[in-house]
Amino acid sequence: MAEYIPSPSQWVADQVELYEGSNGTQALTLRDSGLPVIIVTNTGHKTGAIRKTPLMRVADGANYVLVASKGGAVEHPLWYHNLKAEPNVEIRDATNVYSMRVRELPESDERSRLWDLAVEAYPPYAEYQEKTDRLIPVFVAEPV
Ligand code: F42
């Protein structure tokens with residue numbers, strides 16, 4: 001089995017350790033925002049290692065919307081490239097774990113609707129898009 005490599009970002013690694021270590025009963029929200037987080041388990045496209053990426057929980061029925069905002073950074077987060085290379089992921093939402101497949105949404109009505117849903121769930125996404133010249137990638141994750 002592939003090796004799990006924790007995020008080099010300590011606050012992210014800590015959230016994953018608590019969230020997963022408690023089987024989805026602790027560390028369910030982003031810091032002091034009180035807003036819910038999911039954990040996306042993905043595959044490093046260079047290392048092949050298991051990567052665990054916490055993201056804001058944006059639910060659309062049985063699907064989740066994944067926003068590669070990285071706080072409005074100039075570059076995409078590295079997990080963006082992992083998902084493009086290997087779209088099969090596992091998503092933990094509190095105590096539930098799902099096998100899912102992701103696809104990036106091109107500019108479209110579907111993307112606009114899901115972007116609005118994401119901003120509703122986590123309003124800072126709108127500021128992150130203002131802050132950066134790149135179009136922030138949006139994925140939809142669907143159950144397999
Ligand atoms: N980030 C978001 O973009 N959107 C969110 O909604 C979001 C919410 C959120 C909530 C809670 C929380 O704790 C964190 C949250 N984050 C959110 C931050 C998110 O979890 C990521 O930390 C952030 O997006 C940065 O992603 P990153 O993949 O760039 O992470 C870096 C720090 C990282 O882990 N780097 C690793 C490293 O060793 O430098 C590499 C990870 C990796 O995937 N490596 C690949 C491999 O093959 O293993 C190679 C990748 C390559 O292209 O080189």
Side-chain angles (χ1 to χ4, degrees), residues 1-107 110-142:
M1 212 175 98
E3 179 196 4
Y4 164 56
I5 307 181
S7 173
S9 175
Q10 193 60 48
W11 69 278
V12 174
D14 288 348
Q15 174 138 44
V16 171
E17 195 177 310
L18 260 175
Y19 198 124
E20 296 250 315
S22 67
N23 289 317
T25 60
Q26 284 177 48
L28 302 183
T29 59
L30 172 65
R31 294 172 172 175
D32 48 8
S33 74
L35 294 171
V37 168
I38 58 173
I39 308 280
V40 180
T41 300
N42 56 98
T43 306
H45 74 109
K46 291 181 184 164
T47 59
I50 297 170
R51 300 288 186 176
K52 291 184 179 282
T53 309
L55 298 176
M56 301 316 294
R57 179 185 187 277
V58 183
D60 181 39
N63 297 344
Y64 292 92
V65 182
L66 313 182
V67 180
S69 56
K70 200 182 176 187
V74 291
E75 72 289 339
H76 294 337
L78 293 174
W79 61 264
Y80 166 84
H81 305 285
N82 295 344
L83 265 50
K84 293 297 283 185
E86 175 50 80
N88 291 299
V89 299
E90 186 183 271
I91 292 186
R92 174 182 279 280
D93 180 0
T95 55
N96 297 309
V97 181
Y98 308 102
S99 292
M100 303 201 105
R101 178 186 283 269
V102 303
R103 59 187 167 88
E104 186 182 4
L105 297 175
E107 285 193 79
E110 185 185 22
R111 186 190 183 281
S112 303
R113 183 179 74 80
L114 295 180
W115 174 258
D116 289 349
L117 196 68
V119 170
E120 202 177 296
Y122 187 62
Y125 283 144
E127 293 157 34
Y128 299 163
Q129 183 58 85
E130 292 278 301
K131 222 170 102 176
T132 183
D133 290 337
R134 68 189 170 98
L135 180 66
I136 291 178
V138 176
F139 292 91
V140 62
E142 295 161 319

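Start at 1 with the first residue, then count along the sequence. Note: hydrogens, waters and symmetry copies are ignored here, and every other heavy atom, side chains too, is used. Atoms within a ligand are numbered from 1 in the order they appear, just like the ligands themselves.
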If you take the nearest heavy atom of each of P77, P8, S9, A27, which one is closest to atom 37 (C) of ligand 1?
P8
If I take atom CD from residue E75 and atom NZ from residue K70, how far apart are they, to the nearest 0.5 angstrom?
4.0 Å
Looking only at non-hydrogen atoms, find the nearest pair between R134 and V74 and report the distance.
CD-O, 3.3 Å
With heavy atoms only and a cut-off of under 4.0 Å, state how Q15 meets ligand 1: side chain, backbone, both or neither.
side chain
Numbering as shown, the atoms of ligand 1 that approach S7 to under 4.0 Å (heavy-atom distance):
34 (O)
Less than 4.0 Å between a side-chain N and a carboxylate O, is that true for E86 and R51?
no
Can you name the atoms of ligand 1, numbered from 1 with element, that are less than 4.0 Å from a heavy atom of L30?
10 (C), 11 (C)
For A68, atoms of ligand 1 separated by under 4.0 Å from a heavy atom
3 (O)
Any N/O pair N42/ligand 1 closer than 3.5 Å:
no
Starting from atom 48 (O) of ligand 1, locate the nearest protein heavy atom and write down its residue, its atom name and how far away it is, to 0.1 Å.
T47 OG1, 2.5 Å
If the cut-off is 4.0 Å to any non-hydrogen atom of V67, which atoms of ligand 1 fall inside it?
2 (C), 3 (O), 4 (N), 5 (C), 6 (O)
Ligand 1 contact on L78 by region, counting heavy-atom pairs under 4.0 Å:
both
Could you list which atoms of ligand 1 come closer than 4.0 Å to a heavy atom of Y125?
5 (C), 6 (O)
To the nearest 0.5 Å, tell me how far L78 CG sits from L83 CG.
12.0 Å
Could you check whether R31 makes a cation-pi contact with W11, meaning its NZ or CZ is under 6.0 Å from the centre of the six-membered ring and within 45° of the ring axis?
yes
Looking only at protein heavy atoms, identify the closest one to atom 22 (O) of ligand 1 and say how far it is in Å.
V12 CG2, 3.7 Å
Of all heavy-atom pairs linking M100 and A62, the shortest is CE-O, 3.3 Å
Would you tell me which option among H81, K70, H45 has the nearest heavy-atom contact to atom 52 (O) of ligand 1?
H45
Rounded to the nearest 0.5 Å, how far apart are CG of L66 and CD1 of I91?
5.0 Å
Nearest heavy-atom neighbours spanning Y19 and V37
OH-O, 2.7 Å
Can you tell me which residue and heavy atom of the protein come closest to atom 28 (O) of ligand 1, and the distance to 0.1 Å?
W79 N, 3.0 Å
Which protein heavy atom lies closest to atom 42 (C) of ligand 1, and at what distance to 0.1 Å?
R51 NE, 3.3 Å
among protein heavy atoms, the one nearest atom 53 (O) of ligand 1 is K46 NZ, 3.1 Å
Considering only heavy atoms, which of G44, P54, A13 lies nearest to atom 20 (O) of ligand 1?
P54
Would a 4.5 Å heavy-atom cut-off, applied to side chains only, mark P36 and L28 as touching?
no
Among W115, Y64, Y80, which one satisfies ring-ring contact (aromatic ring centres under 6.0 Å, His included) with F139?
Y80
Hey, which atoms in ligand 1 end up nearer than 4.0 Å to a heavy atom of W11?
12 (C), 13 (O), 14 (C)
Which part of M56 is near ligand 1, with near meaning a heavy atom under 4.0 Å away: side chain, backbone, both or neither?
both
Please work out which of I39, T53, V16, N82 has its closest non-hydrogen atom nearest to atom 21 (C) of ligand 1.
T53
What protein heavy atom sits nearest atom 5 (C) of ligand 1, and how far away is it?
L55 CD2, 3.5 Å
Report yes or no: does T132 contribute a side-chain atom to a donor-acceptor pair with the main-chain N or O of A73 at less than 3.5 Å?
yes
In the complex you have, is atom 31 (C) of ligand 1 within reach of the protein, judged by whether a heavy-atom distance drops under 4.0 Å?
no
Check I136 against R111 and note the closest heavy-atom contact, atom names and distance.
O-NH2, 2.6 Å
When rounded to the nearest 0.5 angstrom, what distance separates CD1 in I39 from CZ in R57?
13.0 Å
